[in-house]
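The block underneath contains the structure these notes are about, expressed in structure tokens.
Both backbone and side-chain heavy atoms feed into the values below; hydrogens, waters and symmetry mates do not. If you're wondering where the values come from, they're calculated on a predicted model, not measured in any experiment. Just so we're on the same page: letters track the sequence lines, and every chain starts at 1.
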2 protein chains.
Amino acid sequence: MKSLSIKDIAVKANVSITTVSFIINGKAKEKSISEAVIEKVEKIIEESGYKPNQIARSLRTGNSNIIGLIIEDISNSFFSRIARLIEDKAYKKGYKIIYSSTENSIDKAKELINMFKSRKVDAYIISPIKGIEEDIQMLLDDGNPVILFDRNLKDVNTSYVGADHFNASHQSIQSFIDHGKKNIALVTTDINVEQIIERYDGYKKALEDNGIRYDDKLVLKIHFNQEESETIAQIQELFENKKIDAVLFATNYLAISGLKALKQINKKVGDDFGVIAYDDHEAFELHTPRISAVQQPLEEIAETIIKLILNQLSSKGKSPAEEVIIPARLVIRD
Amino acid sequence: MKSLSIKDIAVKANVSITTVSFIINGKAKEKSISEAVIEKVEKIIEESGYKPNQIARSLRTGNSNIIGLIIEDISNSFFSRIARLIEDKAYKKGYKIIYSSTENSIDKAKELINMFKSRKVDAYIISPIKGIEEDIQMLLDDGNPVILFDRNLKDVNTSYVGADHFNASHQSIQSFIDHGKKNIALVTTDINVEQIIERYDGYKKALEDNGIRYDDKLVLKIHFNQEESETIAQIQELFENKKIDAVLFATNYLAISGLKALKQINKKVGDDFGVIAYDDHEAFELHTPRISAVQQPLEEIAETIIKLILNQLSSKGKSPAEEVIIPARLVIRD
DNA sequence: TTGATCAACTAAAACGTTTTAGCTTAGCCG
DNA sequence: CGGCTAAGCTAAAACGTTTTAGTTGATCAA
């Protein structure tokens with residue numbers, strides 16, 4: 001019933017705990033343990049199904065082989081796909097991932113950081129929100145590897161991996177303009193994070209570059225946590241009361257609400273009404289007509305994150321902060 | 001730099017480690033520590049930002065306040081939404097969740113169980129695959145609370161929470177038949193899990209109940225890990241070469257591939273070609289026409305899982321196994 | 001013969017908690 | 001005044017590892 005400990009193995013093999021430990025950790029040669037003993041112990045371990053207690057191990061060594069991943073919401077497909085990729089890649093390097101969602105709450109984010117800290121995770125991957133700069137700085141001060149992704153924090157000097165939101169947004173609007181659109185709306189959220197602001201800036205700059213006057217009335221900021229029905233109503237109001245011939249949605253879930261809104265008021269997407277969504281989604285490919293979208297290179301982002309983390313882990317957190325901005329891709333459909 | 005330990009607090013407060021521990025764990029009254037000391041220690045803890053080392057705590061107490069969640073694939077929206085709900089509810093009870101994806105690999109599933117075991121999680125929530133019955137039995141034998149969900153394992157006597165796949169499938173096919181369909185196809189996967197089999201059985205039984213001959217040729221089993229393009233090709237072949245007037249997709253990602261396939265060969269969903277998807281997805285509501293789907297009551301499933309887990313935890317894993325089958329809902333659209 | 005070197009192994013400390021068992025001191029009763 | 005109880009606290013063991021600093025005995029060179 002109670003699980004085996006290294007002591008049980010030692011007793012069975014009639015050797016010391018130390019010897020067993022050396023063998024388990026592959027230090028047998030180095031510590032000159034004889035072939036015979038190695039074999040004997042390994043056989044016993046094999047037969048008994050003994051697995052070292054990771055908790056005791058962590059307590060002693062101070063590291064856990066666990067990487068903490070803090071994201072906004074695991075049920076959002078952007079995050080769940082990234083999480084899956086990160087998990088995969090980390091797994092291959094012998095690291096496990098623990099993840100948790102902040103739901104855009106500063107308090108929950110702080111709690112999560114604390115919980116990861118008290119569990120001594122070896123590194124942190126965080127898609128941050130404003131308000132936790134200090135907590136992140138403390139992690140850094142303690143020498144922990146920390147990588148931010150998706151959204152950067154200005155005041156913290158740490159590594160960051162993210163897509164080029166400004167240019168992707170700029171390019172989307174430019175594409176509308178090239179197709180003769182003049183009255184271009186932006187539906188975005190009111191959460192105050194870097195990547196949303198960059199998308200907004202890209203929108204404004206593209207208009208400006210083309211001599212189109214920026215109109216506050218064409219920008220709709222949706223509350224983060226509100227009911228979808230309300231979102232849909234707000235979007236409908238925008239579309240019905242303003243002269244609009246194209247719209248950029250700043251997130252994919254807003255685009256989905258937006259498409260529902262369009263469907264209800266029976267407005268068709270097409271040559272005289274352009275739509276681009278930021279972050280692709282399966283629904284867009286399937287929609288009639290298919291919806292254009294900005295694709296973030298998930299694979300590349302995940303790959304880069306893991307690469308940076310491993311670098312930092314091997315350099316004991318003393319490698320300099322790096323910012324990697326990865327171009328996003330505008331996929332024009334239909 | 002190094003994080004504080006209970007000893008540092010004890011020294012600062014000029015009391016023993018024991019006293020600090022009692023205070024941290026709310027046993028101060030019970031152990032008759034004076035108000036004055038309690039206040040002093042709490043103040044120091046507050047000021048210094050001390051957080052107990054959970055690893056040491058786990059090592060000593062043998063539990064971790066962590067629940068392990070093992071699922072097929074976190075990037076599948078069914079699982080990521082369930083995960084989010086479970087995480088939420090567990091969090092409110094003071095438990096954290098660690099999750100990991102098996103990707104339908106028996107080896108990875110076993111490894112995950114081992115890794116959770118060696119990290120001493122307090123309970124396991126598993127959406128299992130065939131081939132890990134023994135491992136699960138071992139967990140049970142060791143007195144661990146284990147809840148299976150989504151798919152059951154026949155040979156293991158443990159609690160299970162899942163939707164009524166058989167009836168939902170039966171009802172879907174019945175609905176086709178009620179609308180005059182005769183040649184009804186089933187697109188499913190070749191993975192050998194309970195819930196997929198139940199959906200298949202429901203399909204067969206509904207045909208039988210209505211005196212329609214079961215035709216092997218109308219059932220397409222897709223390999224789990226194959227490229228989507230190949231899946232689409234296979235589905236197209238089925239639709240083009242057989243006389244079919246309705247199709248049930250056994251998972252939502254198959255339905256999405258199927259809808260893409262239909263689009264490419266320009267076959268319209270409508271009165272003369274019915275489609276139902278098992279597991280709803282945002283894309284279905286948005287599709288033109290809207291696609292009917294079987295909705296699993298995620299909220300209720302998550303709620304029930306947590307309820308059972310907490311029961312087991314409080315009864316030290318000695319409460320009897322319970323099977324909860326929750327009805328699924330067929331949502332007919334357009 | 002002596003000392004050095006090396007192979008083969010091990011005792012015990014340390015990691016940071018929780019908890020059992022006990023130690024003082026003061027107060028109170030008879 | 002002796003004995004008992006209770007209040008208020010603490011020493012030390014235990015959890016299961018890793019790792020440092022050995023010990024022992026054999027071999028070998030001089």
>> Please determine whether a side-chain nitrogen of the Lys or Arg among Glu35(A) and Lys29(A) lies less than 4.0 Å from a carboxylate oxygen of the Asp or Glu.
In response: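 Counted as a salt bridge, because a side-chain N and a carboxylate O are separated by less than 4.0 Å.
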
>> Between Glu47(B) and Lys43(B), does any side-chain N to carboxylate O distance fall below 4.0 Å?
In response: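 A salt bridge links Glu47(B) with Lys43(B).
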
> Is Glu323(B) atom CD crowded by more than 12 heavy atoms from other residues, nucleotides or ligands, each under 6.0 Å away?
Replying inline: yes

Is a donor from one side chain sitting under 3.5 angstrom from an acceptor on the other, for [X] and [Y]?
| X | Y | answer |
| --- | --- | --- |
| Ser16(B) | Thr19(B) | yes |
| Asn65(B) | Gln54(B) | no |
| Ser3(A) | Lys51(A) | no |

Using whole Å, what does the distance between atom [atom2] of nucleotide [N] and atom [atom1] of [X] come to?
| X | N | atom1 | atom2 | answer |
| --- | --- | --- | --- | --- |
| Glu30(A) | dC6(C) | CD | P | 16 Å |
| Gln54(B) | dC15(D) | CD | C1' | 15 Å |
| Lys120(B) | dC15(D) | NZ | P | 12 Å |

> To the nearest 10 degrees, what angle separates the axes at the start and end of the helix from dT1(C)-dA30(D) to dG30(C)-dC1(D), five pairs each?
Replying inline: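 The end-segment axes of the helix from dT1(C)-dA30(D) to dG30(C)-dC1(D) are tilted 70° relative to each other.
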
> With sugar-phosphate meaning primed atoms plus P, OP1 and OP2, does Ser34(B) contact a base, only sugar-phosphate, or nothing at under 4.0 Å between heavy atoms?
Replying inline: sugar-phosphate

>> If you assign Ile55(A) and Glu35(B) each to the DNA chain D nucleotide with the nearest heavy atom, which residue ends up on the more 5' nucleotide?
In response: Glu35(B)

>> Using side chain to side chain contact (heavy atoms under 4.5 Å, CB included), reason through Met115(B) and Ile70(B) one step at a time and then give a plain yes or no.
In response: CA-CA 11 Å; Met115(B) 110 110 187; Ile70(B) 297 181; over 6 Å; no

Where do N or O atoms of nucleotides 17-21 of chain D meet protein N or O atoms at under 3.5 Å, pair by pair?
from, atom 1, to, atom 2, distance (Å)
dT17(D), OP1, Tyr50(A), OH, 2.9
dT17(D), OP1, Asn53(A), N, 3.1
dT17(D), OP2, Ile6(A), N, 2.6
dT17(D), O5', Tyr50(A), OH, 3.3
dT18(D), OP1, Asn25(A), OD1, 3.3
dT18(D), OP1, Asn25(A), ND2, 3.2
dT18(D), OP1, Arg57(A), NE, 2.8
dT18(D), OP1, Arg57(A), NH2, 3.2
dT18(D), OP2, Ser21(A), OG, 2.7
dT18(D), OP2, Asn25(A), ND2, 3.2
dT18(D), O2, Arg60(A), NH1, 2.6
dT19(D), OP2, Lys27(A), NZ, 2.7
dT19(D), O4', Arg60(A), NH2, 3.4
dT19(D), O4, Thr18(A), OG1, 3.3

> Per the side-chain contact (heavy atoms from CB on, under 4.5 Å) rule, which among Ile71(A), Ile126(A), Val324(A) passes with Phe149(A)?
Replying inline: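 Per the side-chain contact (heavy atoms from CB on, under 4.5 Å) rule, the option paired with Phe149(A) is Ile71(A), out of Ile71(A), Ile126(A), Val324(A).
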
> Nearest to the side chain of Ser32(A) - dC15(C), dA7(C), dT10(D)?
Replying inline: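 Shortest atom-to-atom distance from the side chain points to dA7(C).
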
